[in-house]
Protein chains: 2
Amino acid sequence: MLTIGTLAKKTGTKVQTIRYYEQIGLMPEPGRTEGGQRRYGDAELDRLSFVRHARQLGFSLDAIRELLDLSDHPGKSCAEADAIARRQLKQVEQRLARLEALRTELKRMVHECSGGQTSDCRVLEVLRDHSECLTDHEEISA
Amino acid sequence: MLTIGTLAKKTGTKVQTIRYYEQIGLMPEPGRTEGGQRRYGDAELDRLSFVRHARQLGFSLDAIRELLDLSDHPGKSCAEADAIARRQLKQVEQRLARLEALRTELKRMVHECSGGQTSDCRVLEVLRDHSECLTDHEEISA
DNA sequence: TTTACATCCTCTAGCTACTGTAGGTTCAAG
DNA sequence: CTTGAACCTACAGTAGCTAGAGGATGTAAA
């Protein structure tokens, strides 16, 4: 039986985060000691590892909820899990494209900085100059 | 003189966002009509364009505040603006590295999906299997 | 001039995914 | 039996907006 602190260490999660996951229904309510402290078993360790791993891969909590649901019902079709992963991959590729464009622009800003006064600073100039925008009014959710 | 709605359209910002920027002190309090509606001039249009451009480049509102401050004092050294841009570039490159690793892993998950039942699903398996982690307990803020 | 209606106003609450704090209790070691 | 780390609940705060309620204003046509 693990305390919440031990579980936290084993999974690289903060204690509060585990309690938060319980609150939003992502983790089950665990057993308690007589004094009211949470005690966890291996099932919870596995579940939390799954959640953290998915988070590291950039899945949203909602997506993880779906994945956990699929994983709890082994008879269901794999297609759904695959669809979720594909959606995720698409998002990642979009972010990559934007970040790459971004890196180019930032590099240019940095390399062209003359080192003088801000009145001549390329960094500020680039930000002021709207004509050099990649695309107008498009957001980067980096 | 521009209404807030016109300013919003010209800069690709939502009306609420402009009011929010005013609230947090990123945009100045504009003049008002007798009836109390906001009216903007070219200075505000420029400032908001600067802000939105910087946001598109992934700068935080705090960083933008610094940049605006530098830009308001043209005598200051360019070095600070350069430092902010360099910090930003570094962050972008870190994110890129993580996202690339992520893409590789997601691609593997998707390609190995057998199409059968969830009990054999590689997607879920990969998420359960902690040994295939890139690095332990490291977060991706994608 | 009146009426219609888009746009504006303030205020409040909600979103994601946590993180931090205050004030108090429990557990395990010595 | 005492100490002190770790636990508990409850609430507030973070970034960067976004949405909605309920009402006022501005403008253009009838």
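In what follows, chains are A, B, ... by sequence order, proteins preceding strands, each numbered from 1.
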Item to check | Per-nucleotide protein contact string for nucleotides 20-30 of chain C (B base, S sugar-phosphate only, - none; heavy atom under 4.0 Å) | outcome: BB----BS---
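In terms of the side-chain hydrogen bond (donor to acceptor under 3.5 Å, both in side chains) criterion, B/Gln91 has no residue partners (sequence neighbours excluded). The side chain to side chain contact (heavy atoms under 4.5 Å, CB included) check on B/Ala54 picks up A/Leu127, B/Phe59, B/Ile64, with sequence neighbours excluded. Under the side chain to side chain contact (heavy atoms under 4.5 Å, CB included) criterion, A/Glu93 pairs with A/Leu89, B/Arg103, B/Lys107, not counting sequence neighbours.
Atom CD1 in A/Ile4 sits roughly 14 Å away from atom C1' in C/dT19 (whole-Å rounding). We find that CD of A/Gln23 is positioned 11 Å from C1' of C/dC18, with the value rounded to whole Å. Computed from coordinates, the B/Arg65 CZ to D/dA15 C1' distance equals 11 Å when rounded to whole Å. One interatomic measurement links the two molecules: CD of A/Glu22 to C1' of C/dA17, which rounds to 17 Å at whole-angstrom precision. Note: CD1 (B/Ile64) to P (D/dC17) measures 8 Å, nearest angstrom. Remark: C1' of C/dC8 and CE of B/Met1 are 17 Å apart, rounded to the nearest angstrom. Atom-to-atom, OH of A/Tyr40 to C1' of D/dC7 comes out at 11 Å; the value is rounded to the nearest Å. Regarding B/Lys9, its NZ atom lies at a distance of 12 Å from the P atom of C/dA6, rounded to whole Å.
When the side-chain nitrogen and oxygen atoms of B/Arg32 are compared with OP1 and OP2 of D/dA24, none of them lie within a distance under 4.0 Å. Distances shown here put a side-chain N or O of B/Tyr21 below 4.0 Å from the OP1 or OP2 atom of D/dC17. When the side-chain nitrogen and oxygen atoms of A/Arg52 are compared with OP1 and OP2 of C/dC18, one or more of them lie within a distance under 4.0 Å.
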Item to check | Verdict with supporting geometry, A/Glu66 and A/Arg87, salt bridge (charged side-chain N to carboxylate O under 4.0 Å, His left out) | outcome: CA-CA 13 Å; A/Glu66 288 183 72; A/Arg87 256 197 332 261; 3.5 Å; yes
Next on the checklist: Set out, in order, the CA-CA distance, both residues' side-chain angles and the distance that settles side chain to side chain contact (heavy atoms under 4.5 Å, CB included) for A/Thr3 and A/Leu7, then state yes or no.
Outcome noted: CA-CA 6 Å; A/Thr3 65; A/Leu7 184 64; over 6 Å; no
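Residue whose closest nucleotide on DNA chain D sits further toward the 5' end, between A/Thr6 and B/Thr17: A/Thr6. Comparing A/Leu61 and B/Arg38 by the nucleotide of DNA chain C that holds the closest heavy atom to each, the one mapping nearer the 5' end is B/Arg38.
When the shell of 6.0 Å around CG of A/Asp72 is examined, it contains more than 12 heavy atoms from other residues, nucleotides or ligands.
Ion pairing between A/Arg86 and A/Asp82 holds under the 4.0 Å rule for side-chain N and carboxylate O.
Over its full length, the helix from C/dT1-D/dA30 to C/dG30-D/dC1 turns its helical axis through 10°, comparing axes from the five pairs at each end and rounding to 10°.
Using modelled atom types, one finds no donor on one side chain facing an acceptor on the other under 3.5 Å when comparing A/Tyr40 with A/Arg47.
The side chain of A/Tyr20 approaches C/dC18 more closely than any other nucleotide in the set C/dT10, C/dC18, D/dC17.
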Show the atom names and distances, to 0.1 Å, of all donor-acceptor pairs under 3.5 Å that link a side chain in residues 24-38 of chain B to residues at least two apart or in another chain.
unit_1  : atom_1 : unit_2  : atom_2 : d
B/Arg32 : NH1    : B/Gly36 : O      : 2.8
B/Thr33 : OG1    : B/Gly35 : N      : 3.4
B/Thr33 : OG1    : B/Gly36 : N      : 3.3
B/Thr33 : OG1    : B/Gln37 : N      : 2.9
B/Gln37 : OE1    : B/Arg39 : NH2    : 2.8
B/Arg38 : NE     : B/Glu22 : OE1    : 2.8

